[in-house]
Structure formats: structure tokens, C-alpha cells
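Below you'll find the structure, written out as C-alpha cells, and then a few comments.
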Protein chains: 2
Amino acid sequence: MTANPYDEACAVDPALDVLFGKWKTSILYVLFHGTKRFSELQRNIPGITKKMLISHLRDLENQDIIQRVVYPSVPPRVDYSLTEAGQSLEPILELMHQWGKKHEEHLKRKRSSEAATLS
Amino acid sequence: MTANPYDEACAVDPALDVLFGKWKTSILYVLFHGTKRFSELQRNIPGITKKMLISHLRDLENQDIIQRVVYPSVPPRVDYSLTEAGQSLEPILELMHQWGKKHEEHLKRKRSSEAATLS
DNA sequence: CGGCATCCAAATGGATACTG
DNA sequence: CAGTATCCATTTGGATGCCG
């Protein structure tokens with residue numbers, strides 16, 4: 001019995017925290033394609049800096065979305081891959097991706113029709 | 001033919017922009033329950049300030065996720081409701097909500113089992 | 001009641017240089 | 001190669017007061 005029927009609204013946050021941040025989804029999208037090294041991630045995400053990449057990788061690792069494996073070689077090699085939990089995010093991301101594409105078109109149509117109606 | 005197979009990763013962003021921001025999902029969750037006045041939204045989202053509520057409502061309005069209707073009465077009355085596009089987000093939010101709940105439990109189990117294994 | 005303006009604090013993002 | 005550390009810019013969030 002909660003006093004406020006919308007209290008549950010906050011309950012979506014744990015899921016969103018996983019995806020929030022400027023680069024989280026890009027990282028996940030790259031890792032959906034398989035295990036990647038640090039430098040591969042950096043190459044495949046145009047514009048990301050090492051600092052941002054590391055910090056987002058750490059976040060995702062702490063939430064058990066991705067796994068980090070260090071090979072004690074010289075030069076060092078570190079592999080990142082999705083955990084089971086991370087893989088379970090793929091359908092959701094895919095759904096959002098589809099929605100986003102449709103919505104983009106929708107907005108474009110709507111805005112051009114609005115422009116045509118301007119007095 | 002894109003040079004980089006991960007270029008499409010960026011394509012998820014339009015969808016995420018809609019949800020990003022500290023309060024967007026809370027607003028949507030309240031509006032899933034039906035049309036609400038400005039003051040009702042403010043009451044039902046504990047901790048939000050007028051400034052944040054307005055700015056997020058404007059964002060959502062600009063993306064045609066919600067609709068704003070002004071009644072020229074005294075005192076003024078403004079109603080916010082979901083557009084069709086906004087309603088189409090409900091299954092996605094619901095999915096994320098479910099995922100978030102499961103993931104929360106998963107993390108809890110994992111962390112307690114890790115604590116038990118400590119040396 | 002709904003909303004804008006101002007001012008301020010905190011979080012986030014980024015450039016650069018350095019290290020094992 | 002895979003990070004750290006430092007410093008700085010931008011963005012975001014928030015408190016408060018005023019207005020039609």
C-alpha cells in the first residue's frame with residue numbers, strides 16, 4: 001500500500017542507469033558484435049576519448065553488464081565482452097533502435113507537413 | 001557501404017535522447033496513467049522542481065511525445081497528455097522496467113555470493 | 001496556476017601529458 | 001597497449017523570486 005500510485009515510476013531507473021551516459025549504448029552496440037580489445041573499442045567509437053571509454057567501461061563492469069579480461073603479456077592486452085546480463089540487453093536496445101528509426105521518420109513527415117501549413 | 005560496420009551504433013541515439021534526462025521517464029510513467037495538469041505532474045514526481053519539469057516537458061513536446069493543451073481560464077489550466085508516439089513508448093519502457101527489476105535481483109545475488117567467497 | 005529569469009552548485013565531458 | 005592524472009569547459013540540475 002503505497003500512498004502514491006506513481007511511486008513505482010522510480011523503479012525504471014535501475015534499468016536506465018545502465019544505458020545513460022553519452023557512450024554506453026555505443027559501447028554495447030560494438031560489443032554485441034563480439035569480444036573487443038580496448039583499442040578496438042576506441043577505434044570503433046568515433047570521437048570517444050580514453051577517459052570516457054574507461055569510465056563507461058568501468059560503470060558497465062560494475063553492473064555486471066560486461067566482463068574485463070587482462071592478459072599479462074607485453075604489450076598488455078585487455079579484452080572486453082558482454083556478460084549474460086549484457087547480452088540480455090540486446091533485444092531491448094534493438095527495440096529502441098527500431099522505435100528511434102520510425103520516430104525519426106515520423107518527426108520528419110510531421111515537420112514538413114507543418115512547414116507546408118504555415119499561413 | 002559504410003567504411004565502419006559500427007557506424008550504425010549511433011542510430012540508437014534518437015530513441016535514447018527521448019528518454020535521457022533525470023526526469024523524462026518519470027514524466028512518461030505518470031502520463032501513461034492519463035492526462036495530467038502541470039501541478040499534478042509536479043505533485044506526482046517527488047523532488048522535481050518547476051524548472052526541470054518545464055524543461056523536460058518542452059523537450060518531450062518538441063519531439064512530439066507529449067501534447068500540451070492550454071485552457072484560457074482564470075486561473076490558467078494546462079493539460080499534458082501522451083501523443084500516439086508517446087504511447088508507443090510504453091511497451092519499451094515496460095520492457096526496460098522488467099529488465100531492471102530482474103537485473104537488480106541478479107546483482108544482489110551475485111554480490112552476496114561474492115561477499116561469501118571473500119578469502 | 002503555470003511559467004520565465006537569474007544566479008549558483010554539481011556533475012559530466014574533454015584535451016593533454018605521463019606511466020608501467 | 002592500456003591505462004592514470006591533471007586541469008579545464010560544458011552541461012545539467014536546483015533555489016529563489018517575479019509575473020500574467
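Letters A, B, ... mirror the listed sequences (proteins, then strands); counts begin at 1. The shown structure was predicted, so the numbers you read here are calculated from the model rather than taken from an experiment.
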[X] vs [N]: side-chain N/O to OP1/OP2 distance below 4.0 Å:
X      : N      : result
R37(B) : dC1(C) : no
R58(A) : dT4(D) : yes
R68(B) : dG2(C) : no
Y80(A) : dC1(D) : no
S39(B) : dG2(C) : yes

| Exercise: identify the closest heavy-atom pair between R111(B) and N62(A) | NH2-O, 2.6 Å
| request: Give the C-alpha distance, both sets of side-chain angles, the deciding distance and a yes or no for salt bridge (charged side-chain N to carboxylate O under 4.0 Å, His left out) between K101(B) and E105(B). | output: CA-CA 7 Å; K101(B) 281 202 304 188; E105(B) 286 171 34; over 6 Å; no
Name the closest nucleotide to the [X] side chain, picking from [options].
X      : options                 : value
I54(A) : dG13(C), dT4(D), dG2(C) : dT4(D)
V78(B) : dG13(D), dG3(C), dA2(D) : dG3(C)
P75(B) : dC1(C), dG3(C), dG3(D)  : dC1(C)

Taking [atom1] from [X] and [atom2] from [N], how many angstroms apart are they, rounded to a whole number?
X      : N       : atom1 : atom2 : result
R77(A) : dG3(D)  : CZ    : P     : 13 Å
L53(B) : dT12(D) : CG    : P     : 17 Å
E61(A) : dA2(D)  : CD    : C1'   : 13 Å
H56(A) : dA2(D)  : NE2   : C1'   : 18 Å
L57(A) : dT4(D)  : CG    : C1'   : 15 Å
R43(A) : dC1(D)  : CZ    : C1'   : 11 Å
Q42(A) : dT4(D)  : CD    : C1'   : 14 Å
E40(A) : dC1(D)  : CD    : C1'   : 12 Å

| query | How is Y71(A) classified with respect to the nucleic acid when contacts are heavy atoms under 4.0 Å: base, sugar-phosphate, or nothing? | reply |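 Here Y71(A) touches no strand at all.
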All N/O pairs under 3.5 Å across the protein-nucleotides 17-20 of chain D interface:
none

| query | Got a second to check how far L89(B)'s CG is from M96(A)'s CE, nearest 0.5 Å? | reply | 8.0 Å
| task | Would you please name every residue forming a side-chain hydrogen bond (donor to acceptor under 3.5 Å, both in side chains) with S88(A), sequence neighbours left out? | result | W99(B)
| request: Answer yes or no: is there a donor N or O on one side and an acceptor on the other, between the side chain of Q42(A) and the main chain of S39(A), under 3.5 Å? | output: no
Side-chain atoms of residues 78-85 of chain B: list all donor-acceptor pairs with protein atoms under 3.5 Å, sequence neighbours left out, distances to 0.1 Å.
{"residue": "D79(B)", "atom": "OD1", "partner": "R77(B)", "partner atom": "NE", "Å": "3.4"}
{"residue": "Y80(B)", "atom": "OH", "partner": "R68(B)", "partner atom": "NE", "Å": "3.3"}
{"residue": "T83(B)", "atom": "OG1", "partner": "D64(B)", "partner atom": "O", "Å": "2.7"}
{"residue": "T83(B)", "atom": "OG1", "partner": "I65(B)", "partner atom": "O", "Å": "3.1"}
{"residue": "T83(B)", "atom": "OG1", "partner": "A85(B)", "partner atom": "N", "Å": "3.3"}
{"residue": "T83(B)", "atom": "OG1", "partner": "G86(B)", "partner atom": "N", "Å": "3.1"}

| said: Do the side chains of E104(A) and K108(A) get close enough for a salt bridge, i.e. N-O under 4.0 angstrom? | reply: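 Answer for the salt bridge query: no.
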